[in-house]
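Below is one structure, written out as structure tokens; comments come after it.
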There are 2 protein chains.
Amino acid sequence: MLRILGVIGDKWSILVVGTLRDRTLRFGELHRAVTGISQRMLTLTLRQLERDGLLTRTVHASVPPRVEYTLTELGSTLLTAATALGDWAAAHRNEIENNRRHYDEAHPPRARR
Amino acid sequence: MLRILGVIGDKWSILVVGTLRDRTLRFGELHRAVTGISQRMLTLTLRQLERDGLLTRTVHASVPPRVEYTLTELGSTLLTAATALGDWAAAHRNEIENNRRHYDEAHPPRARR
DNA sequence: CGGAATCCCGCTTGATACTG
DNA sequence: CAGTATCAAGCGGGATTCCG
């Protein structure tokens, strides 16, 4: 079970899958769309997702090379399930941030003695 | 958003929350219930969850000390959302493992040259 | 353009020992 | 029992370079 949920344990995976929600994208487009991801991590993430069958990788033999990534049916179903968590996060964002503030006020960092 | 989803990005968090689904547990009980977690990580995880308001920490002044952890209402709602993902993982577990096998067969590890 | 390979630093985590 | 403190190690991941 953990091996499966590892799919989403990696934060980049959900972001990449989410970015491909309703359109096929090239490597470079994904790189620009998913802000903050390095080329290395994008490559590794895409390999994982392809291996799991969540997306397909299509190479068009041309110059310059053109590689497109498209969400599979399976990938779409994951997105549906993950959306529940995304909605939860959005709905409780303020509440959680308030909780953190209160906690931090009540539990100040240990002072130097 | 990422700061919020970080709640579940840490694999121990979901396991701990899930373990507290329907019962209050003491530190030691959690330690035994969540197999593989170190004392250190359990402590850190519990602090995070408490800070976010997903569970409450109750100290009973007695000898020996007795500290109980209980899921909050907020924690329960997270569990509900997370369950959607858990169900997805369970439902597609075989499919994904098949995909991985096929991928690994088609993409053997690079041989030494 | 889309990667693969290498180097390497830092953060996370485990192991261990100590304490209220 | 339920932690905290400390240290060392492993590896995740960024930066860089090179290739088809």
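Numbered from 1 within each chain, the chains take letters A, B, ... in sequence-line order.
Near DNA chain C, meaning a heavy atom under 4.0 Å away, the residues from residues 38-45 of chain A are A:Gln39, A:Arg40, A:Thr43. Of all the residues in residues 60-71 of chain B, B:Pro65 reach under 4.0 Å from DNA chain C with at least one non-hydrogen atom.
Of the inter-residue distances, the one linking B:Asn98 atom CG with B:Arg93 atom CZ reads 12.0 Å to the nearest 0.5 angstrom. A distance of 13.0 Å separates CZ of B:Arg32 from OG1 of B:Thr19, quoted to the nearest 0.5 Å. Here the CG-NE2 distance, from A:Asp87 to A:His92, works out to 10.0 Å after rounding to the nearest 0.5 Å. Separating the CG atom in A:Leu15 from the CG atom in A:Leu20 is a distance of 11.0 Å, to the nearest 0.5 Å. For the atom pair CG (B:Asp52) and CD1 (A:Ile96), the distance works out to 5.5 Å, reported to the nearest 0.5 Å.
For B:Arg47, the side-chain atoms get nearest to D:dG3 when compared with the rest of D:dG3, C:dG3, D:dC1.
Within the helix from C:dC1-D:dG20 to C:dG20-D:dC1, the inter-axis angle between the opening and closing five-pair segments is 50°, rounded to 10°.
Of the possible donor and acceptor atoms, one in the side chain of B:Glu29 sits under 3.5 Å from a partner among the backbone N and O of B:Arg26. The main-chain N or O of B:Tyr103 is found under 3.5 Å from a side-chain atom of B:His107 such that the two form a donor-acceptor pair.
One can place NE2 of A:His31 at 14 Å from P of C:dA4, the figure rounded to the nearest angstrom. Rounded to a whole Å, the CZ atom of A:Phe27 is 18 Å from the P atom of D:dG20. Going from atom CD1 of B:Ile37 over to atom P of C:dT12 covers 16 Å, rounded to whole Å. Between the C1' atom of D:dG12 and the NZ atom of A:Lys11 lies a distance of 12 Å, rounded to the nearest Å. Rounded to an integer number of Å, the gap from A:Glu50 CD to C:dG2 P is 15 Å. As rounded to whole Å, 13 Å separates atom C1' of C:dG2 from atom CD of A:Glu29.
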Contacts under 3.5 angstrom, residues 64-79 of chain A side chains, donor-acceptor by atom type, not counting sequence neighbours:
from	atom 1	to	atom 2	distance (Å)
A:Arg66	NE	A:Glu68	OE2	3.3
A:Arg66	NH2	A:Glu68	OE2	3.4
A:Glu68	OE1	A:His60	NE2	3.1
A:Tyr69	OH	A:Arg57	NE	3.2
A:Thr70	OG1	A:Thr24	OG1	2.8
A:Thr72	OG1	A:Gly53	O	2.7
A:Thr72	OG1	A:Leu54	O	3.0
A:Thr72	OG1	A:Leu74	N	3.4
A:Thr72	OG1	A:Gly75	N	3.1
A:Ser76	OG	A:Thr72	O	3.3
A:Thr77	OG1	A:Leu74	O	2.6
A:Thr77	OG1	B:Trp88	NE1	2.8

Donor-acceptor pairs under 3.5 angstrom involving side-chain atoms of residues 39-51 of chain B: please list them, not counting sequence neighbours.
from	atom 1	to	atom 2	distance (Å)
B:Thr43	OG1	B:Gln39	O	3.0
B:Thr45	OG1	B:Met41	O	2.7
B:Arg51	NH1	A:Asp104	OD1	2.9
B:Arg51	NH1	A:Asp104	OD2	2.6

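For A:Arg57, no side-chain nitrogen or oxygen approaches OP1 or OP2 of C:dG2 to under 4.0 Å. For the OP1/OP2 pair of C:dG2 and a distance below 4.0 Å, the side-chain nitrogens and oxygens of A:Arg26 include at least one atom meeting the criterion.
Proximity of B:Arg21 to B:Thr83: side-chain heavy atoms (C-beta onward) are separated by under 4.5 Å at one or more points.
Looking at every heavy atom in both residues, A:Leu85 comes nearest to B:Ala81 through CD2-CB, 3.9 Å.
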Return the polar atom pairs (N/O with N/O) between nucleotides 8-11 of chain D and the protein under 3.5 Å, or none.
none

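Classification of B:Arg101 and B:Glu105 as a salt-bridged pair fails, no side-chain N sitting under 4.0 Å from a carboxylate O.
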